[in-house]
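What follows is a short report on a single structure.
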Amino acid sequence: MKPTNSTLSNAGTTIFETMSALARAHDAVNLGQGFPDDVGPAALRQLGADFLVNGHNQYPPMMGLPALRQAVAQHAQRFYGLTVDWQQEVLVTSGATEALMDCFLGLLEVGDEVVLLEPAYDTYAPAITRLGAVPKAVRLTPPQWELPRAELAAAFSPRTKLLVLNSPMNPAGKVFTRNELEFIAELLLQHDAYAVCDEVYEHLIFAGQVHVPLMTLPGMRDRCVRIGSAGKTFSMTGWKVGYITAAPHLLRPITKAHQFVTFTTPPNLQHAIAAGLVLDDAYFASLGTTLAASRDRLAAGLRGLGLPLLTGNGTYFLVADVAAWMLPNEDDVAFCARLVIEAGVVTIPLSAFYGGDAPRSLVRFCFCKRDATIDAALQRLTAWRGKAQ
Ligand code: PMP
């Protein structure tokens, strides 16, 4: 029979699904896939249920419910001083995953180059490659995740159509500084390129950090596409409500992609998230505070076990160097699989975020969990290390 599409046929199952399946099979504590123990704000869950029961169940407008698009525009003004025309510049999608795909479909042509910063979220490269565009990866330098400026500049060419910027960054937890963003903005202007800004963790940052959307920098308003996710901001990752903000000339082709990919997103969830985005400042501030406490708890435990931790200022991920715990010739994927079976703790190997040769001893721990979950993972690791020594 004729071959199916080679990019997708050769792609593995995403590491998050694989590790969560392993977690279920081994009754392990899951600090792998990024989903919170928290069930999300009760008022929003109630609203979602009420709108569903009371009959908001037919196709909503293709670009999203006006109430949600207005709330997205208002949120951009309130947090970043961005003036956004909700009718022409906001699109609701079924999660940031669909938003990313819509952006790539709407903006890329075959042969275009796309600059990625590794470690990169695992959706980007296959989606770009599938469209006949070419990912050009530049690696941030652990343990501080510095931006290698000369390499980044060298990755741009006349064929560069866009750069994907994920800040705060999964899995590194890096929050790009204004100075780094200025450098990136300069490159985009020099090369007449766009940026797809994956800002799903925009509110998940720790004290002293500021999230600066690239879109707010001079010259960037019409070159950046900003993506947000209700799944992250309201701790309900299964809802899959995302939103894109971009100037009309960029949003128009992206909307055409959305029209053919999902067309709409469940209306009851859109209604609830519209109410979520206008919650008071205390709600948004509480996200970082709660997460910082969980991060400190996990970090203290891992340090106590002797693991070096890498710098992270946002997201709900912590990266540790597990070289001291690995067997000779073991890679990070084999190590993480062994950790599930022997210790009963699920983590994510960082090589999943790299194309080609990757760092082999870095592992991601997710900490948006109840204290009891974090403590259970630490107890299991402690017991396992006790046996290993
Ligand atoms: N981008 C990044 C960097 C993510 O970590 C995730 C979720 N893990 C997504 C996009 C997808 O978000 P959503 O669940 O809204 O599709």
Side-chain angles (χ1 to χ4, degrees), residues 13-20 30-36 38 40 44 64 68 72 75 91-105 114 116-128 135 137 140 145 163-176 195-205 211 213-214 225-245 254 257-258 261-262 265-266 269-270 272-273 276-277 287 291 312-319 346-348 350 352-354 364-369:
T13 300
T14 139
I15 190 76
F16 310 110
E17 180 67 19
T18 306
M19 295 308 287
S20 281
N30 194 350
L31 301 190
Q33 196 173 21
F35 60 87
D38 182 13
L44 301 192
L68 179 51
V72 170
H75 169 275
L91 174 70
V92 176
T93 60
S94 291
T97 309
E98 190 219 320
L100 285 162
M101 198 67 212
D102 293 347
C103 289
F104 298 145
L105 282 164
V114 178
L116 298 181
L117 297 172
E118 285 183 341
Y121 185 55
D122 72 339
T123 298
Y124 306 150
I128 291 161
L140 302 183
W145 302 113
L163 166 134
V164 181
L165 181 69
N166 176 210
S167 182
M169 188 182 202
N170 173 13
K174 179 182 173 74
V175 179
F176 283 73
V196 169
C197 301
D198 179 343
E199 300 182 13
V200 299
Y201 298 103
E202 60 190 324
H203 290 293
L204 310 187
I205 53 173
H211 169 61
L214 183 62
V225 178
R226 214 174 84 74
I227 298 176
S229 168
K232 312 293 179 194
T233 300
F234 301 104
S235 301
M236 297 186 288
T237 56
W239 275 27
K240 302 298 286 189
V241 177
Y243 15 86
I244 304 180
T245 307
I254 294 170
H258 166 72
V261 172
T262 57
T265 297
L269 303 182
Q270 292 195 48
I273 297 304
L277 283 174
L287 295 168
L291 278 178
N313 296 317
T315 76
Y316 33 57
F317 306 116
L318 190 58
V319 177
V346 178
T347 55
I348 299 287
L350 235 69
F353 297 84
Y354 289 86
R364 189 191 84 175
F365 291 79
C366 173
F367 56 76
C368 51
K369 306 290 177 186

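Note that ligands are numbered from 1 as they come in the structure, with each ligand's atoms numbered from 1 the same way. Only heavy atoms go into these numbers, but all of them, side chains included; no hydrogens, no water, no symmetry mates. Just so it is clear, the model here is predicted, and its values are computed rather than measured.
- You'll find the side chain of Leu214 stays beyond 4.5 Å of the side chain of Phe176, heavy atoms only.
- At least one N or O atom of Asn170, backbone or side chain, sits closer than 3.5 Å to an N or O atom of ligand 1.
- For ligand 1, the atoms lying closer than 4.0 Å to a non-hydrogen atom of Ala96 are 10 (C), 11 (C), 12 (O), 13 (P), 15 (O), 16 (O).
- Looking at atom 1 (N) of ligand 1, its nearest protein heavy atom turns out to be Asp198 OD2, 2.6 Å.
- Inclusion of Thr237 in the set of residues having an N or O under 3.5 Å from an N or O of ligand 1 is not warranted.
- The two atoms that bring Phe234 and Leu44 nearest to each other are CD2-CD1, 3.6 Å, heavy atoms only.
- The protein atom (non-hydrogen) at minimum distance from atom 14 (O) of ligand 1 is Lys240 NZ, 3.1 Å.
- At the top of the distance list for atom 8 (N) of ligand 1, counting protein heavy atoms only, stands Lys232 NZ, 3.0 Å.
- Ligand 1 has no nitrogen or oxygen under 3.5 angstrom from a nitrogen or oxygen of Val200.
- Residue contacts with ligand 1, taken as heavy atom pairs separated by less than 4.0 Å, do not involve Met169 at all.
- Counting the atoms of ligand 1 from 1 in the order shown, those under 4.0 Å from a heavy atom of Ser229 are 13 (P), 15 (O).
- On a distance-only criterion, Tyr124 and ligand 1 share no N/O pair closer than 3.5 Å.
- Taking distance alone, with nitrogen or oxygen atoms compared against 3.5 Å, Glu98 stays at or beyond that limit from ligand 1.
- Here's the thing with Thr97: one of its N/O atoms is less than 3.5 angstrom from an N/O atom of ligand 1.
- Between the choices Trp239, Tyr201, Tyr243, the shortest heavy-atom distance to atom 5 (O) of ligand 1 belongs to Tyr201.
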